[in-house]
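Note that the structure is a prediction, hence the values are computed from the model and not measured.
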Amino acid sequence: MHADSWALKAKKLGFRSRAVFKLEEILDKTKTLKNNSLVLDIGSAPGGWSELIKVMAPSSNVYAIDLLPMDPINEVLFFQEDVINIDKIEEISCLKSQFNLVISDLAPNLTGIRAVDEENIFELNIETLKTAVSYLNKNNGSFIMKTFQNSLLKKLRTEMEKSFHLVQTYKPAASKSKSGEIYLFGEKPL
């Protein structure tokens, strides 16, 4: 079995996960991350995406939320909480409609039963989409969300198109070719 070159590269550069290269590619292509950005990282554990934001745009303010614990990252505010309870987190809820970028690498635990997994992925993506629309700045907000190629993808994209001027799909080079994961990018909420 060969070693995962992306994982090795992440380890060599001191990142927590290979997922940083997926986000980095999308951010490079979309040019959405600016210094001084206000960023919300949903499903942040183990913290690779928050870490990357602080490397690419050091003066950005990053708020991270996940059900799972996450080791601290310098200058990242982390809240161990379910995204459905985000409005109860005062430090985040007071910033509604102000975030420049919402990112989500969130995925449900898979059961192996296709119909159940697809529905769970869709419901989680819809909850994440609602959160992004609620928290993004209406003038210059961008949203990046992990999802999966399945029978509900077209429906999800249609839902996203109701909320964003521009919606694009990305399959970053660091995504495993066998993986069904893809990323949706939305710009400027309606």
Side-chain angles (χ1 to χ4, degrees), residues 19-45 47-67 70 72-107 121-147 153 155-170 172 181-190:
V20 297
F21 302 113
K22 301 170 193 178
L23 179 62
E24 182 181 45
E25 181 180 325
I26 297 167
L27 290 172
D28 284 347
K29 286 182 177 174
T30 60
K31 308 277 186 255
T32 55
L33 181 64
K34 311 277 187 271
N35 234 343
N36 300 316
S37 288
L38 188 57
V39 181
L40 178 59
D41 185 355
I42 300 171
S44 59
W49 281 20
S50 288
E51 217 172 28
L52 179 70
I53 296 293
K54 291 304 291 181
V55 169
M56 291 180 74
S59 60
S60 291
N61 292 308
V62 181
Y63 293 77
I65 179 172
D66 201 312
L67 263 177
M70 184 177 94
I73 298 171
N74 201 21
E75 296 182 13
V76 172
L77 285 174
F78 171 69
F79 302 89
Q80 189 172 345
E81 184 59 76
D82 191 316
V83 68
I84 62 170
N85 297 324
I86 196 166
D87 289 343
K88 295 176 183 171
I89 302 169
E90 198 174 313
E91 294 90 336
I92 296 177
S93 64
C94 70
L95 298 169
K96 242 182 190 171
S97 300
Q98 293 183 44
F99 284 88
N100 308 106
L101 178 63
V102 174
I103 54 178
S104 174
D105 199 22
L106 199 57
I121 290 164
F122 180 77
E123 287 177 14
L124 193 59
N125 286 157
I126 290 296
E127 188 61 41
T128 306
L129 173 61
K130 284 182 195 167
T131 302
V133 170
S134 174
Y135 280 85
L136 279 171
N137 181 310
K138 305 297 181 242
N139 298 316
N140 68 347
S142 298
F143 176 44
I144 298 168
M145 172 175 63
K146 175 169 75 178
T147 190
L153 178 60
K155 184 178 177 185
L156 175 64
R157 193 180 161 106
T158 300
E159 285 302 310
M160 205 163 153
E161 287 168 349
K162 291 176 187 174
S163 299
F164 289 91
H165 292 289
L166 171 71
V167 176
Q168 295 174 318
T169 304
Y170 290 94
E181 76 177 9
I182 58 165
Y183 294 82
L184 292 178
F185 168 75
E187 193 169 65
K188 292 190 180 157
L190 296 171

(request) Check C94 against E91 and note the closest heavy-atom contact, atom names and distance. (result) SG-O, 3.6 Å
(request) Any chance you could measure L40, atom CG, to I103, atom CD1, to the nearest 0.5 Å? (result) 8.0 Å
(message) Measuring from atom CG of L124 to atom CG of L129, what distance do you get when rounded to the nearest 0.5 angstrom?
(response) 11.5 Å
(message) Check the orientation of Y183 and W49. Use parallel for under 30°, tilted for 30 to 60°, and perpendicular for over 60°.
(response) tilted
(message) Quick check for you: to the nearest 0.5 Å, what is the distance between Q80 atom CD and L67 atom CG?
(response) 7.5 Å
(message) To the closest 0.5 Å, what do you measure between OG (S142) and CG (L136)?
(response) 7.5 Å
(request) Kindly compute the distance separating OG1 (T128) from CG (L106), expressed to the nearest 0.5 Å. (result) 5.0 Å
(request) Determine whether L153 and I182 make a side-chain contact, defined as any pair of heavy atoms from C-beta on separated by less than 4.5 Å. (result) yes
(request) With the side chain counted from C-beta on, respond yes when L52 and K22 share a heavy-atom pair under 4.5 Å apart, and no when they do not. (result) no
(message) With a 3.5 Å distance limit and no angle check, can you tell me whether S134 reaches the backbone of K130 through a side-chain donor-acceptor pair?
(response) no
(request) Quick one: closest heavy-atom pair of M160 and G186, and the distance? (result) CE-N, 3.4 Å
(request) Provide the closest heavy-atom pair for M70 versus G47 in the form atom of the first, atom of the second, distance. (result) SD-CA, 3.5 Å
(request) Give the C-alpha distance, both sets of side-chain angles, the deciding distance and a yes or no for side chain to side chain contact (heavy atoms under 4.5 Å, CB included) between Y170 and K29. (result) CA-CA 10 Å; Y170 290 94; K29 286 182 177 174; 3.7 Å; yes
(message) Could you tell me if the side chain of L27 sits less than 4.5 Å from the side chain of L101, heavy atoms only?
(response) yes
(request) Indicate yes or no: at least one non-hydrogen side-chain atom of L33 is less than 4.5 angstrom from one of S60. (result) yes
(request) Work out which heavy atom in E187 is nearest to a heavy atom in F164; give both atom names and the distance. (result) N-CD2, 3.5 Å
(request) Mark yes when over 12 heavy atoms from residues, nucleotides or ligands other than E90 sit less than 6.0 Å from its CD; otherwise mark no. (result) no
(request) Say whether, by atom type as modelled, one donor and one acceptor occur between the side chain of R157 and the main chain of L184 under 3.5 angstrom. (result) no
(request) Please work out which of the three classes, parallel, tilted or perpendicular, describes the rings of F99 and Y63, given edges at 30° and 60°. (result) perpendicular
(message) Is there a side-chain contact between V76 and I53 in this structure, where contact means two heavy atoms from C-beta onward sitting under 4.5 Å apart?
(response) no
(message) With heavy-atom distances below 4.5 Å as the criterion, would you say the side chains of F185 and L166 are in contact?
(response) yes
(request) Could you tell me whether the side chain of F143 reaches within less than 4.5 Å of the side chain of V133, counting heavy atoms only? (result) no
(message) Whether the D87 and S93 side chains hold a donor-acceptor pair (N or O, under 3.5 Å, no angle test) is what I'd like checked.
(response) no
(request) Measure across Q98 and L38 and return the closest heavy-atom pair with its distance rounded to 0.1 Å. (result) O-CD2, 3.7 Å
(message) For a 4.5 angstrom cut-off between non-hydrogen side-chain atoms, does L156 reach M145?
(response) yes
(message) Could you walk me through whether D66 and F78 satisfy the side chain to side chain contact (heavy atoms under 4.5 Å, CB included) test, starting with their C-alpha distance in whole Å, then the side-chain angles of each, then the deciding distance to 0.1 Å, before giving a yes or no?
(response) CA-CA 8 Å; D66 201 312; F78 171 69; 3.9 Å; yes
(request) Hey, could you give me the CG/CD1 distance between L95 and I89, rounded to the nearest 0.5 Å? (result) 11.5 Å
(message) Do the side chains of E159 and K155 get close enough for a salt bridge, i.e. N-O under 4.0 angstrom?
(response) no
(request) Please name the pair of heavy atoms, one in K146 and one in E181, separated by the smallest distance, quoted to 0.1 Å. (result) CD-OE1, 3.3 Å
